[in-house]
Amino acid sequence: GARGQNSTGAIAPLPLCLLTWLWLGVIVFIYVNNSEAAPYFHDPDLVDTPSGKSLEHGVFTVGTFMAFRNEKGFPKEESAVKLDFGLFNRLEIGIITLKLEQSFLLSNFKFQLLREYNMLPNVAIGIENIGDKVPESIRRYKSKSPYIAISKQFNLPFTHLITGHIGIGRERYIEEESIGRYVHGVFGGISKDFQPRFIDGNVSLSLELDGRDVNVGIRYLLTSGLLI
């Protein structure tokens, strides 16, 4: 048969992973090259745990992630590209291409049950890492991890507006080591947004317990839409 065709003469389909990368590339080109991109980029979650809020309808986030082991030379442990998009102000869908010794394709789903109003908090349920089975040594990608998350914004003295988060999950949120032996899948944290006068953009600080460890994160959202 001709090169690039299967035994029936039909054109061989592109690998699913390659199609995903091409799709991500198109999305990045459209939004990063849009001078009004900032409203389309927003991530309501914390460092490594979900919040009770989902992405708004039509909002996309596209990003890359790399992890390094705390060893001599800081060898790379994993790398990933992630696309999230919101639908109907309730549903959030994520697609992840993960690269270890081989490639994996995963998906996440989140549905917002309640939206914050007066005393009511944001409440969302979801499931993460549906798809290829990732080696268990990479805990954050443990297969089919369900959760429920609650978030509420408070106006406190001195700190003013601050958001609290709490939730409980299974699979990747369960750990028998460190703090995980005592919390049994419970995760939570706090986040605070700032708009410093001396820089262009927004800064967000996060402190969380992910079911095993305590994480601290800082995010800088430029007006161009780039989130660091």
Side-chain angles (χ1 to χ4, degrees), residues 14-67 78-99 103-116 122-132 134 140-141 145-147 149 151 153 163 165 167 172 189 191 193-195 199-206 208 217-228:
L14 290 173
L16 182 58
C17 186
L18 178 58
L19 288 173
T20 304
W21 277 94
L22 290 173
W23 183 28
L24 291 176
V26 171
I27 296 296
V28 170
F29 178 81
I30 291 174
Y31 283 98
V32 172
N33 288 279
N34 183 350
S35 62
E36 299 179 357
Y40 297 96
F41 287 82
H42 177 64
D43 188 350
D45 295 338
L46 282 78
V47 181
D48 197 30
T49 59
S51 72
K53 188 175 181 180
S54 64
L55 291 174
E56 296 178 0
H57 182 74
V59 175
F60 288 79
T61 66
V62 182
T64 185
F65 167 87
M66 287 181 286
E78 63 187 273
S79 60
V81 174
K82 184 179 181 183
L83 165 68
D84 290 297
F85 54 95
L87 294 171
F88 316 118
N89 293 325
R90 293 284 183 178
L91 180 63
E92 181 179 323
I93 301 174
I95 298 173
I96 303 170
T97 59
L98 174 66
K99 179 66 175 178
S103 297
F104 302 89
L105 183 62
L106 303 168
S107 58
N108 300 333
F109 297 90
K110 178 194 280 189
F111 183 77
Q112 188 159 358
L113 297 175
L114 295 176
R115 301 184 71 86
E116 185 170 2
N122 286 311
V123 180
I125 58 173
I127 186 166
E128 300 173 323
N129 306 329
I130 299 174
D132 296 335
V134 179
R140 69 169 58 87
Y141 298 109
S145 300
Y147 65 85
S151 301
Q153 192 174 67
T163 304
H165 311 269
R172 85 172 183 94
S191 58
D193 295 331
F194 300 88
Q195 292 182 317
I199 61 174
D200 186 19
N202 298 331
V203 174
S204 177
L205 301 179
S206 299
E208 71 171 13
I218 180 170
R219 296 179 179 184
Y220 177 32
L221 177 63
L222 287 74
T223 54
S224 64
L226 178 63
L227 177 64
I228 302 173

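All of these numbers come straight from a predicted model, not from anything done at the bench. Numbering of residues begins at 1 and proceeds along the displayed sequence.
Residues that satisfy the salt bridge (charged side-chain N to carboxylate O under 4.0 Å, His left out) test with E116, not counting sequence neighbours, are K152. In this view, D193 and S204 satisfy the side-chain hydrogen bond (donor to acceptor under 3.5 Å, both in side chains) rule, not counting sequence neighbours. Scored by the side-chain hydrogen bond (donor to acceptor under 3.5 Å, both in side chains) test, N202 finds Q195 as partners (sequence neighbours excluded). Every residue meeting the side-chain hydrogen bond (donor to acceptor under 3.5 Å, both in side chains) condition with T49, not counting sequence neighbours, appears here in chain and number order: E208. Looking at residues two or more places apart in sequence or on another chain, you find a side chain to side chain contact (heavy atoms under 4.5 Å, CB included) between Y220 and I199, V203, L222. Remark: F88 engages H57 in a ring-ring contact (aromatic ring centres under 6.0 Å, His included) (not counting sequence neighbours). For T64, the side chain to side chain contact (heavy atoms under 4.5 Å, CB included) partners two or more places apart in sequence, or in a different chain, are V81. Under the side-chain hydrogen bond (donor to acceptor under 3.5 Å, both in side chains) criterion, S191 pairs with H165, not counting sequence neighbours.
The two atoms that bring S54 and R90 nearest to each other are OG-O, 3.6 Å, heavy atoms only. Here the shortest heavy-atom pairing between S51 and S151 reads CB-OG, 3.4 Å. The nearest pair of heavy atoms linking S79 to L98 is O-CD1, 3.4 Å. Nearest heavy-atom pair across V47 and S206 is CG2-CB, 4.1 Å. Counting all heavy atoms, side chain and backbone alike, Y147 lies closest to I127 at CE2-N, 3.9 Å. Taking both residues in full, the closest heavy atoms of I125 and L113 are given as CG2-CD1, 3.7 Å, listed atom of the first, atom of the second, then distance.
Contact annotation: the side chain of L105 approaches that of I95 to within less than 4.5 Å [non-hydrogen atoms, C-beta and beyond]. Annotation: side chain of N89 is in contact with side chain of R115 (closest heavy-atom distance under 4.5 Å).
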>> For a side-chain contact (heavy atoms from CB on, under 4.5 Å) check, start with the C-alpha distance between D48 and R172, then their side-chain angles and the critical distance, and finish with the verdict.
In response: CA-CA 11 Å; D48 197 30; R172 85 172 183 94; 3.6 Å; yes
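To the nearest 0.5 Å, atoms CD (E92) and CZ (F111) are separated by 12.5 Å. Once rounded to the nearest 0.5 Å, the distance linking CG of L55 with CD1 of I93 reads 10.5 Å.
A donor-acceptor contact shorter than 3.5 Å links the side chain of S107 to the backbone of I130. In this structure a side-chain-to-backbone donor-acceptor pair under 3.5 Å is present from N108 to N129.
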